[in-house]
Amino acid sequence: MRINDNFEKLPESYLFSTVAAKLRKFREENPGVDVIRMDIGDVTLPIPASAISAMHRAVDDMAQKSSFHGYGPEQGYDFLRDAVAANDYVARGIDIKADEIFISDGAKSDLGNLGDIYSEDCVVAVADPGYPVYVDSNVIDGRGGELVDRRWSRFVYLDCNEANGFKPVPPAEHADVIFLCSPANPTGVSFTREELAAWVEYARANKAVIIYDSAYCAYITDPAVPHSIYEIPGAREVAIEVRSFSKTAGFTGLRCGYTVVPSSLCGTDAEGNEVPLRKLWLRRQTTKFNGASYIIQRGAEALYTEEGKREVRENVDYYLENARTIRETMSKAGFTVFGGENSPYIWVKSPNGEGSWELFGKCLSEAHISCTPGVGFGDAGEGYIRLTGFNTRENTKEAMRRILDFFKK
Ligand SMILES: *Cc1c(COP(=O)(O)O)cnc(C)c1O
């Protein structure tokens, strides 16, 4: 069998393994020194109690002939699709219907699998720095071209930097598929309505499709920041929205998310006919996916009860308070910072032009805290590090005390 050669083109991802190796070495050489992990990319609080009880009941359903559930609908159970449509869209005045919502086993799978419904010839635009899944999954599908100076020849790179506040702006070139993430990982910044409207306008002018990753929408507190791309007029014709219960409700290990494909969203076939993408995605899911677990979907449904909403809010507020502490302390210590307001992530600039790994080393050896080097999310991340609000309150405060001790001279 001949392999998919694109896997050999793909460079190894060294970011998290290198961070882990450097941490291990430091701990071996410095026994007894307690390193605080400010690089955690996973939630740490347990699942809300409302979801836990719902999942216990769902397990019991499986024990009785009368309430047992075998294969479910590939696109998700109606009870969850209805709850998502009612709470995440209709309650916000957004026109999205339950049959436009596809429940999945998480946002990462959907972001990668969506490549099945658009042509190998499509030009893909990605933000740099950005969530690595967008780039790697499209390279595997054959849309990368060649890697030249660490950039794929067929991609359009949307460079993010201090000047644009780390928010990608529509390029002069044409793109067919644009990956946008807001609030963004790794930079923690989010689009205002006006900024997002410029993207919808670009997509309409270019007959392009935006794949809008809003895995962190639960972290939005600023009223100027839209929760959904469908708050922007005209977005129903140009955008797919991908969401997750992972960062919202701690479902990283349970696995549940959803993707919205509006019935009014079309692509074009070889003859130039308009084809609804919803139909293609339904076909793709019914062919290659057998649905998220009944038990997990019952857990997700419970997050939309009054109790569930309150518990989700409490968890998210806990991480947001950590992020606020980090943002304020880093600013006080003289760093230029981005994000940390509608996001658990804080993006920090090296004060004296050090590279990402150099600042990582300094934080580790001097302040005994670990972080994620920004260059691992793309070349435009060089000179930055990412800190996260996912540690405990106590550890976050202690880490910030160390930062002030070491950096504030
Ligand atoms: C964590 C994360 C995801 C993945 O979510 P899952 O539902 O757990 O697969 C998607 N996008 C971004 C930007 C993330 O940070």
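Side chains are part of it too, since the values below use all heavy atoms of this structure and drop only hydrogens, waters and symmetry mates. One-based numbering, in listed order, for ligands and for the atoms of each. Start at 1 with the first residue, then count along the sequence.
Residue F245 places every heavy atom at 4.0 Å or more from ligand 1.
At distances below 3.5 Å, not a single donor-acceptor pair connects side-chain atoms of K97 with backbone N or O atoms of S263. Without hydrogens or angle criteria, D39 side chain to C371 main chain gives no donor-acceptor distance under 3.5 Å.
A salt bridge links E321 and R324; the closest N-O separation between the charged side-chain nitrogens and carboxylate oxygens is under 4.0 Å. With respect to E394 and K397, no salt bridge is recorded, no charged nitrogen being found less than 4.0 Å from a carboxylate O.
The nearest heavy-atom contact from the protein to atom 1 (C) of ligand 1 is K247 NZ, 1.3 Å. Of all protein heavy atoms, the one closest to atom 11 (N) of ligand 1 is D213 OD2, 2.7 Å. The protein heavy-atom contact nearest to atom 15 (O) of ligand 1 is Y216 OH, 2.6 Å. The single protein non-hydrogen atom nearest to atom 3 (C) of ligand 1 is Y131 OH, 3.3 Å, given as residue, atom name and distance.
Looking only at atom types and distance, the side chain of D88 has a donor-acceptor partner in the side chain of Y258 under 3.5 Å away. A donor-acceptor contact closer than 3.5 angstrom links the side chains of K247 and Y216.
Each of the following atoms of ligand 1 lies closer than 4.0 Å to a heavy atom of R255: 6 (P), 7 (O), 8 (O), 9 (O). Per-residue contacts place K108 under 4.0 angstrom from the following atoms of ligand 1 (heavy atoms of the residue considered): 4 (C), 6 (P), 9 (O). Each of the following atoms of ligand 1 lies closer than 4.0 Å to a heavy atom of S244: 5 (O), 6 (P), 7 (O).
Checked against a 3.5 angstrom limit, the closest N/O atoms of Y345 and ligand 1 fall outside it. An N or O contact shorter than 3.5 Å is missing between C181 and ligand 1 by distance. Residue T252 places no N or O, backbone or side chain, under 3.5 Å from any N or O of ligand 1. For ligand 1, one of its N or O atoms has an N or O atom of S246 under 3.5 Å away.
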Inset, instruction - Check the pair E358, S350 against side chain to side chain contact (heavy atoms under 4.5 Å, CB included), reporting the backbone distance first and the verdict last. - result: CA-CA 9 Å; E358 205 181 325; S350 293; over 6 Å; no
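Atom NE2 of H56 is surrounded by 12 or fewer heavy atoms from other residues, nucleotides or ligands within 6.0 Å.
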